[in-house]
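Below, chains carry the letters A, B, ... as their sequence lines are ordered, and counting in each starts from 1.
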Amino acid sequence: MAEEDANWRIWLAAAQAGDRRAYGALLAAALPWLRARARGRWPTATLSDIEDIVQETLLALHRSLALYQPPRPVAPFLFGIMKLRGAEVRRQRHRHAARETILDDVPVTSQALRTNPDQDAAVDQAAMQAAIGRLSPRDQEILDMLKLRELSLLEAAAVSGLSVTALKVGTFRAIRRLRRAMGVEDVE
Amino acid sequence: MSNERLIAALADELSPVRRAPAPGHLTMSWLAVTVPILALVTLMMGPRPALLSLLLRPGFALDEALALLTAIAAAYAAFCAGRPDQPGWKLLLPVGAMALWLGVLGRQCLLLSVSTQGGALRLHVDAMCVPAIAVAGIAPAVAMVWLLRRSPMFRTAHACLCGALAAAALAECTLRLFHGSDSFLTLLVWQMGSVVLFTLAVGAVGRAALGRARSGRTVSYAGS
């Protein structure tokens, strides 16, 4: 830790007393030093990881200003904070990495992507129910009997009191109106 | 957020801070608060008969001194654990003190069992130890958590475990002033077992209490 500037102790003690200029000067002077120490301690870390560790160190220093005891050297104080916070950041990264899946590595036929068709089906079903809700009560009743409850034409005729022919025509018209309600234009 | 903007934001937000006392000073404060309370607990529970002559016996005095040493070492380590610039060996001080304490107790137990032809190895149920340690240890534990909460800190788990051990060791030191044990094995199993139980329980509770205090003091900057 021989790289410590003699001013650091003065600046940090002044920062404890509320001197913002001294604090800013200390943080600016310590930034490249912290970056170099972080690279030395975690040589395999990416550049963004190093920057995150440095920023976490600055934030932890801000929270821990009261812990510095002048005239102790500042470098071991800063390095101690960086070691502890950096290890925590690295642990969090490893934990997150274990839970993440990079999609580029998954073939499009993979079962891991199975949720998409299910989601599409759910969306289609919701759209159809909304469209049925916009039809006349008679159309809704015919579709309910013949398409949702899947009654036969004779059973539906017995329940509704309509003739089989009327049910056939009614079904044809109700489906046409339903397609229109869902935005499908039939070619005549 | 860029580093330059972060530095500017932190400097803008700076307000004067009250310097945290040194770990040695905090340890003395902890002892100053807890020792009178434990003396009062001993008086209330009724000191053992012939306590003075007991304290003059080298074996008993050594046990008490080692329990006190463990308590002080653990308290000091607890306060050092929160400081980022404290060396690792200070955090391991209570391990050495505790090992020495247990070693001396074990040696005494062994010697006594040889001289009494196994008499010291009789194990009796001494259910009084657990509540007695809890009663004697509650004030040191509360004082420890209160002192640890006063400043932001690192290595919370280590600090809490050491702090709980300090409270338990001091409680055990006090317990032997008002409660004796039938045999050395009873002392080792029930009293030291209570110390371990108390340390683990208070360590977990203290960690939760400190965790809540820490999350309340989090600075709201997001590094991006």
Next item on the list: Report the C-alpha separation of Asp85(B) and Leu78(A) in whole Å, then their side-chain angles, then the decisive distance to 0.1 Å, and conclude whether the side chain to side chain contact (heavy atoms under 4.5 Å, CB included) test is met.
Entry: CA-CA 8 Å; Asp85(B) 53 349; Leu78(A) 280 177; over 6 Å; no

Next item on the list: Kindly determine whether Leu10(B) and Leu59(A) satisfy side chain to side chain contact (heavy atoms under 4.5 Å, CB included), including the steps that lead there.
Entry: CA-CA 8 Å; Leu10(B) 291 176; Leu59(A) 288 168; 4.0 Å; yes

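Top candidate by heavy-atom pairs under 4.5 Å with chain B, chosen from Asp19(A), Leu26(A), Leu31(A), is Leu31(A). Considering only heavy-atom pairs separated by less than 4.5 Å from chain A, the leading option among Ser15(B), Pro16(B), Ala8(B), Ala22(B) is Pro16(B).
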Report all side-chain donor-acceptor pairs from residues 127-137 of chain B shorter than 3.5 Å, counting only partners two or more places apart or in another chain.
none

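Only the side chain of Leu84(A) comes within contact range of chain B, with at least one heavy atom under 4.5 Å from a heavy atom of that chain. Residue contact with chain B, scored on non-hydrogen atoms closer than 4.5 Å, involves the backbone and the side chain of Ala15(A) alike.
Residues of residues 142-159 of chain A lying within less than 4.5 angstrom of chain B, judged on heavy atoms, are absent.
For residues 86-96 of chain B, the set of pairs meeting the side-chain hydrogen bond (donor to acceptor under 3.5 Å, both in side chains) definition, not counting sequence neighbours, comprises Tyr76(B)-Lys90(B), Gln86(B)-Lys90(B). Legend: side-chain hydrogen bond (donor to acceptor under 3.5 Å, both in side chains) pairs involving residues 21-32 of chain A, not counting sequence neighbours, sorted by first then second residue: Tyr23(A)-His62(A).
Contact record, Leu67(A) with Ala20(B): CD2-CB, 4.0 Å, taken as the closest heavy-atom pair.
Looking only at atom types and distance, the side chain of Gln69(A) has no donor-acceptor partner in the side chain of Arg19(B) under 3.5 Å away.
Ile7(B) contributes atom CD1, which lies 5.5 Å from atom CG of Leu58(A) (distance to the nearest 0.5 angstrom). Note: Arg63(A) CZ to Phe154(B) CZ = 7.5 Å, rounded to the nearest 0.5 Å.
Arg20(A) places a side-chain N or O within donor-acceptor distance of the main-chain N or O of Leu14(B), the cut-off being under 3.5 Å.
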